[in-house]
There are 2 protein chains.
Amino acid sequence: MTDPQSTHDIEAVFREKGIPFTRQRRLIWDHFAGADRAATITEAADALRSDGVGQATVYRTVTLLSDLGLLARVQDRRGEICYTAPPIGHSHPLICGVCRKLVRFEGDGDVKELEARLAAETGFSIYGHHLEVYGICAKCREAGRG
Amino acid sequence: MTDPQSTHDIEAVFREKGIPFTRQRRLIWDHFAGADRAATITEAADALRSDGVGQATVYRTVTLLSDLGLLARVQDRRGEICYTAPPIGHSHPLICGVCRKLVRFEGDGDVKELEARLAAETGFSIYGHHLEVYGICAKCREAGRG
DNA sequence: CTCCGGTTGAGAACCGTTCTCAACGCAACT
DNA sequence: AGTTGCGTTGAGAACGGTTCTCAACCGGAG
């Protein structure tokens, strides 16, 4: 389990690539990185509207952050697309399907082994995988929302 | 690696639940089950239009089949949502990100173990997981499309 | 044959996402 | 400070995929 990357680190990533880290981008990043649960783009846009961040900018920035690998896409039990930061190294999300609380874990050993086996068996050259585990967190279960 | 469920079996599933297995539903099912690669809803609708299947029906039927667990949602390398039949037992898809050819594999042993560990560590009650492996199949690689 | 409930197709409506474009912000340079 | 230039931004239009509406249709039960 890893900690979210701090805003400070992110600024460095942007600077390194020569991409401006604007006020809007900071706000959007903070919205996702500052939460321990995944959020939808709509939620972020709603929350940041009063800060003068347009929804087009939220979409653009989420795409940008995703491309940089700083934001990962997950989905809750109803299939809604949410984003969460950040998939450092190679962790995977364990998501509460109800409140979208998110815990990251490392499960790469298991999967790497599997990938090697599959490559040998199928002739595919593996370039990635996607693993999400879904559950109901203790809080939601106790609240009877499970 | 498992074989796709035959149309015959599917009819039984429908009958059992008292859901009519109509001409349109058969055509839609055949479209997904008869291919060894995942297809989008749009593709299915285009292919079946000349058979007199409306796109609303394709959407409705795909939702129905998904709810019955007879169709699984996957995505190609560009993030496009595709559907493929069927995830029998508990197999996972290995998808060619280029042509969407699909090979199913069993990897459940590995994951079940992981799930137990996570449940113990986090207090979540795990209800499911989602594992997809992405690669480029030999044919696409040779064709230089990788 | 008639009824009746579920299914279907066409098209409208909806909604999330992307595009367009003028205004803006900011750094570099004068 | 003023100017230039370029990337970013916000508002709103456009777009495209998905869902909804509703009348017509189909097939089984009576």
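Convention: sequence-line order gives letters A, B, ...; per-chain numbering from 1. Please read all numbers here as calculations on a predicted model, not as lab measurements.
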**Complete:** Assert: residue with more 5' nearest nucleotide on DNA chain D, out of B:T42 and A:R23, is A:R23
**Item:** Distance, rounded to the nearest Å, where A:R73 contributes CZ and C:dG16 contributes C1'
**Value:** 13 Å
**Complete:** For B:D51, the side chain to side chain donor-acceptor pair (under 3.5 Å) test, sequence neighbours excluded, returns none
**Message:** Is it true that A:E115 and A:H129 share a donor-acceptor pair across their side chains at a distance under 3.5 Å?
**Reply:** yes
**Message:** I want to confirm an ordering. Mapping B:A56 and B:R25 to their closest nucleotides on DNA chain C, which one lands closer to the 5' end?
**Reply:** B:R25
**Prompt:** According to a strict under-4.0 Å criterion, is A:Y59 in side-chain N/O contact with OP1 or OP2 of C:dT17?
**Reply:** yes
**Message:** So, OP1 or OP2 of C:dT8: does either fall under 4.0 Å of a side-chain N or O from B:T22?
**Reply:** yes
**Request:** Check the distance between C:dG6's C1' and B:Q24's CD and give it to me in whole angstrom.
**Result:** 12 Å
**Message:** Expressed as a whole number of angstroms, how long is the span from A:L27:CG to C:dG25:P?
**Reply:** 15 Å
**Message:** Counting C-beta onward and ignoring hydrogens, is there a side-chain heavy-atom pair between B:V133 and B:I95 closer than 4.5 Å?
**Reply:** no
**Request:** Could you check how far NZ of B:K17 sits from P of C:dT7, rounded to whole Å?
**Result:** 14 Å
**Message:** Tell me the interatomic distance from B:R26, atom CZ, to C:dT7, atom C1', rounded to whole angstroms.
**Reply:** 16 Å
**Asked** Which part of the nucleic acid does A:R60 contact within heavy-atom distance under 4.0 Å: base, sugar-phosphate only, or nothing?
**Response** base
**Prompt:** Do the side chains of A:H92 and A:H130 get nearer than 4.5 Å, heavy atoms only?
**Reply:** no
**Request:** State, yes or no, whether a side-chain contact exists between B:L27 and B:T22 at a heavy-atom distance under 4.5 Å.
**Result:** no
**Complete:** In the 5' to 3' direction, the nucleotides of DNA chain D bounding the stretch that comes under 4.0 Å of a heavy atom in chain B are D:dG17 to D:dT21
**Request:** Only one of B:L65, B:V62, B:T40, B:I28 passes side-chain contact (heavy atoms from CB on, under 4.5 Å) with B:Y83; say which it is.
**Result:** B:V62
**Note, B:W29 side chain near B:L70 side chain (heavy atom, < 4.5 Å)** = yes
**Asked** Nearest-Å distance, CD1 (A:I19) to P (C:dA27)?
**Response** 16 Å
**Message:** Rounded to whole Å, how long is the line connecting atom CD1 of B:I81 with atom P of C:dG16?
**Reply:** 16 Å
